[in-house]
Number of protein chains: 2
Amino acid sequence: MANDTHDAFIYRADCPSRVILDQLGDKWSMMILAVLVVEPHRFNAIKRRLEGVTQRVLTQTLRKLERNGMIGRRVLGGSPPGVEYALTPLGRSLQKPFAVLYEWTLTHIDTIQKHQQAYDRKRKVG
Amino acid sequence: MANDTHDAFIYRADCPSRVILDQLGDKWSMMILAVLVVEPHRFNAIKRRLEGVTQRVLTQTLRKLERNGMIGRRVLGGSPPGVEYALTPLGRSLQKPFAVLYEWTLTHIDTIQKHQQAYDRKRKVG
DNA sequence: CGGTATCCCACATGATACTG
DNA sequence: CAGTATCATGTGGGATACCG
């Protein structure tokens, strides 16, 4: 063995972890999926449930999710006309990983905040 | 029932999903944790395993992970002197959620890319 | 070895106005 | 209703140089 104890595995910026972060790491994607997991929604119905999102950003995010195959877009004929967004099977398959993450977050959110406060106190004093 | 079929739950920008994304949604955090899960590493040992990271950004990211309680920082006396970073129990507790996410990614990465290509073809032609 | 200090730019997001 | 167009801005990240 040369330098390090374990032979080095080099992580590159295009590591598989990026795949999911590039898709869901933005501000609204996960919340959109959380809305659509209940049932399909129209554009403005989604917008009403996301406090503070702008039309522009919502459109962008929906396009990205559609491009990645997470949601489908369907134009509704009839009156009133509209567009409906719904989860695809791929999008639905995210539910389990999300549930695990969500559970972890709820379990540890207090611990995290305590660490942050302790760290900030040390910085302020020291 | 008034407006929507289900009574609305409004998602705000400070949704719990942000907690984890704010900490691990950046470019290098997950890879750093993946390095440290093997064993504690020194600063430059981590740097060598992350292709393309700069000292500045690595320092920033390590500080953030430390502040959030994911990793610990220990100054090594002796020769040569140095600093060692290691996972805390909190950081280690992320292994299971990560494993689930990683498995999902490996399972569906092909499907995602096919969706992306199909979407881009339609855009180019249409 | 393990950092800081500057400078810079690309990109994500937001505000606002307009449209088929 | 469901967008597009335009403009503005904050921040993440990179390049580079210097420091104890």
Side-chain angles (χ1 to χ4, degrees), chain A residues 3-4 11-15 17-18 21-32 35-36 40-68 71-86 123 126, chain B residues 3-4 11-15 17-18 21-32 35-36 40-68 71-86 123 126:
Chain A
N3 8 24
D4 271 301
Y11 290 88
R12 314 176 78 251
D14 57 353
C15 166
S17 74
R18 294 310 314 172
L21 287 178
D22 287 343
Q23 304 191 12
L24 309 172
D26 61 79
K27 191 164 180 175
W28 301 103
S29 285
M30 289 185 65
M31 288 183 251
I32 291 172
V35 167
L36 295 184
H41 281 67
R42 298 167 63 150
F43 184 89
N44 279 321
I46 300 172
K47 187 168 187 300
R48 262 176 260 123
R49 295 191 183 216
L50 303 184
E51 185 177 280
V53 72
T54 60
Q55 279 188 334
R56 173 171 141 62
V57 171
L58 180 55
T59 301
Q60 281 179 349
T61 310
L62 288 169
R63 292 287 174 277
K64 189 165 85 172
L65 289 170
E66 188 191 357
R67 177 172 183 267
N68 294 333
I71 64 175
R73 178 182 186 275
R74 191 164 66 94
V75 177
L76 304 172
S79 176
V83 177
E84 185 182 80
Y85 292 93
R123 287 273 140 177
Chain B
N3 9 22
D4 271 300
Y11 290 89
R12 316 176 77 251
D14 57 353
C15 165
S17 74
R18 295 309 315 170
L21 287 178
D22 288 342
Q23 305 190 14
L24 309 171
D26 62 79
K27 192 164 180 178
W28 300 104
S29 285
M30 289 184 66
M31 289 182 252
I32 291 173
V35 167
L36 295 184
H41 280 68
R42 298 168 63 151
F43 184 89
N44 279 322
I46 300 172
K47 185 168 188 298
R48 262 177 258 122
R49 294 189 185 219
L50 303 184
E51 186 178 280
V53 73
T54 60
Q55 278 189 334
R56 173 173 137 67
V57 171
L58 180 55
T59 300
Q60 281 180 350
T61 311
L62 288 170
R63 292 287 175 276
K64 189 164 84 172
L65 289 170
E66 188 191 355
R67 176 171 185 269
N68 293 334
I71 65 175
R73 177 182 187 274
R74 190 163 68 94
V75 177
L76 304 172
S79 175
V83 177
E84 186 182 80
Y85 292 93
R123 287 273 138 175

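Each chain gets a letter, A, B and so on, in the order the sequences are listed, and its residues count up from 1. The figures that follow rest on heavy atoms only: side chains count, while hydrogens, waters and symmetry mates do not.
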Completion exercise
Here the distance between atom C1' of C/dT13 and atom CD1 of A/Ile32, to the nearest Å, is 13 Å
Problem - Spacing between A/Lys27 atom NZ and D/dG12 atom P, to the nearest angstrom - result: 12 Å
Exercise for the section: Give a yes/no on whether any side-chain N or O of B/Arg42 is located under 4.0 angstrom from OP1 or OP2 of C/dG2. Expected result: yes
Practice task
Provide, to the nearest angstrom, the distance between the CD atom belonging to B/Glu51 and the P atom belonging to D/dG14.
Solution key: 12 Å
Fill in the blank from the handout: A/Asp26 atom CG is separated from D/dT11 atom C1', nearest whole Å, by 15 Å
Fill in the blank from the handout: When rounded to whole Å, the CZ to C1' distance for the pair B/Arg74 and C/dG3 reads 19 Å
Handout entry: Out of D/dT4, C/dG2, C/dA15, whichever nucleotide has its closest atom nearest the side chain of A/Arg63
Key = D/dT4
Completion exercise
Between CD of A/Glu66 and P of D/dA2 the distance, given in whole Å, is 14 Å
Completion exercise
Between NE2 of A/His41 and C1' of D/dC1 the distance, given in whole Å, is 16 Å
Exercise for the section: For the residue pair B/Leu21 and A/Leu24, establish whether any side-chain heavy-atom pair is separated by less than 4.5 Å. Expected result: no
Practice task
Could you check if a side-chain atom of A/Leu36 sits within less than 4.5 angstrom of a side-chain atom of A/Tyr85, using non-hydrogen atoms only?
Solution key: yes
Practice task
Look at the side-chain N and O atoms of B/Lys47 and state whether any lies under 4.0 Å from the OP1 or OP2 oxygen of C/dC1.
Solution key: no
Completion exercise
Nearest-nucleotide check on DNA chain D, B/Gln55 vs B/Gln60; residue mapping nearer the 5' end is B/Gln60
Practice task
Report yes if a side-chain nitrogen or oxygen of B/Tyr85 is closer than 4.0 Å to either non-bridging phosphate oxygen (OP1 or OP2) of C/dC1; otherwise report no.
Solution key: no
Exercise for the section: Identify, between A/Arg56 and A/Pro81, the residue whose nearest nucleotide on DNA chain D lies closer to the 5' end. Expected result: A/Pro81
Practice task
Can you figure out which of D/dG3, C/dG14, C/dT13 approaches the side chain of A/Arg73 most closely?
Solution key: D/dG3
Handout entry: Interatomic distance where CG belongs to A/Leu62 and C1' belongs to D/dT4 [whole Å]
Key = 14 Å
Handout entry: Of B/Arg63, B/Glu66, B/Lys64, B/His41, the residue whose pairing with B/Ile71 passes side-chain contact (heavy atoms from CB on, under 4.5 Å)
Key = B/Glu66
Practice task
List the steps, then state whether salt bridge (charged side-chain N to carboxylate O under 4.0 Å, His left out) holds for A/Asp22 with A/Arg18.
Solution key: CA-CA 6 Å; A/Asp22 287 343; A/Arg18 294 310 314 172; 3.2 Å; yes
Problem - Side chain B/Ser29, main chain B/Gln23, donor-acceptor under 3.5 Å - result: yes
